[in-house]
Amino acid sequence: MMGTGGNTDTDVIVAVSGGDGIAGTESLIAWLRQEPELRGRIHAVSSEPGDGEMGSVVDVATVAVGAGGAVSMLAMSLKTWLAQPRRSDVSIEIRHPDGRSVVIDAKRVDDVDALLNTVLDSANDTVN
């Protein structure tokens with residue numbers, strides 16, 4: 001539960017691999033930003049441009065979770081995004097700041113909620 005003077009949100013890292021690569025990450029970020037409960041909680045993290053590249057590349061997204069229905073909405077949104085038809089396989093890795101992580105494969109999206117709870121549940125954050 002969030003106190004009136006504090007912020008109990010935890011920033012988790014969401015990374016897309018396989019499939020469309022960078023376009024997949026950007027697609028996921030755009031998808032998540034459409035959810036009212038996640039609005040303002042999604043931030044793109046870009047890497048520095050490499051030699052010969054014109055600009056930075058979006059590598060991952062950070063998502064602030066922990067308050068209200070953000071975790072449930074993130075799980076539902078990820079499951080729906082993964083179920084979208086695409087030309088190649090894709091997976092999403094979700095990393096908690098303490099090092100816990102889970103990889104969700106587009107071929108196995110049955111229980112995203114349980115996987116997220118495994119990563120996000122900690123002594124300070126109770127996720128239902």
Peer 1: To the nearest 0.5 Å, what is the distance between CD1 on I104 and CD on E93?
Peer 2: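 The distance works out to 10.0 Å.
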
Peer 1: Using a strict cut-off of less than 4.0 Å between a Lys/Arg side-chain nitrogen and an Asp/Glu carboxylate oxygen, indicate whether R33 and E35 qualify as a salt bridge.
Peer 2: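 No, this pair does not count.
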
Peer 1: To the nearest 0.5 Å, how far apart are NZ in K79 and CG in L74?
Peer 2: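 Spacing of NZ (K79) from CG (L74) equals 13.5 Å.
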
Peer 1: Would you say that I94 contacts I13 through its side chain, given a criterion of any heavy-atom pair below 4.5 Å between the two side chains?
Peer 2: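 They are not in contact (no side-chain heavy atoms under 4.5 Å apart), so the answer is no.
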
Peer 1: Could you tell me whether the side chain of T10 reaches within less than 4.5 Å of the side chain of P97, counting heavy atoms only?
Peer 2: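 In contact.
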
Peer 1: Any non-hydrogen side-chain atom of V60 less than 4.5 Å from a side-chain atom of T25?
Peer 2: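 No, every pair of side-chain atoms sits at 4.5 Å or beyond.
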
Peer 1: Determine whether a donor-acceptor pair (N or O, by modelled atom type, separation under 3.5 Å) exists between the side chain of D98 and the backbone of R100.
Peer 2: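 It does hold such a pair.
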
Peer 1: Write down the atom of V65, the atom of A70, and the distance for their closest heavy-atom approach.
Peer 2: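 That would be CA-CB, 4.1 Å.
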
Peer 1: Is it true that the side chains of T80 and W31 contain a donor and an acceptor less than 3.5 Å apart?
Peer 2: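 The criterion, which ignores hydrogens and geometry beyond distance, is not satisfied for W31 and T80.
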
Peer 1: Would you say that V63 contacts D11 through its side chain, given a criterion of any heavy-atom pair below 4.5 Å between the two side chains?
Peer 2: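 No; the side chains remain at least 4.5 Å from each other.
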
Peer 1: CG/L82 to CG/L28 distance, rounded to the nearest 0.5 angstrom?
Peer 2: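 CG of L28 is found 8.0 Å from CG of L82.
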
Peer 1: Distance from L38 atom CG to L32 atom CG, nearest 0.5 Å?
Peer 2: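 Output value for this atom pair is 6.0 Å.
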
Peer 1: Show the numbers, then the answer: is there a side-chain contact (heavy atoms from CB on, under 4.5 Å) between V14 and I92?
Peer 2: CA-CA 7 Å; V14 180; I92 297 174; 3.4 Å; yes

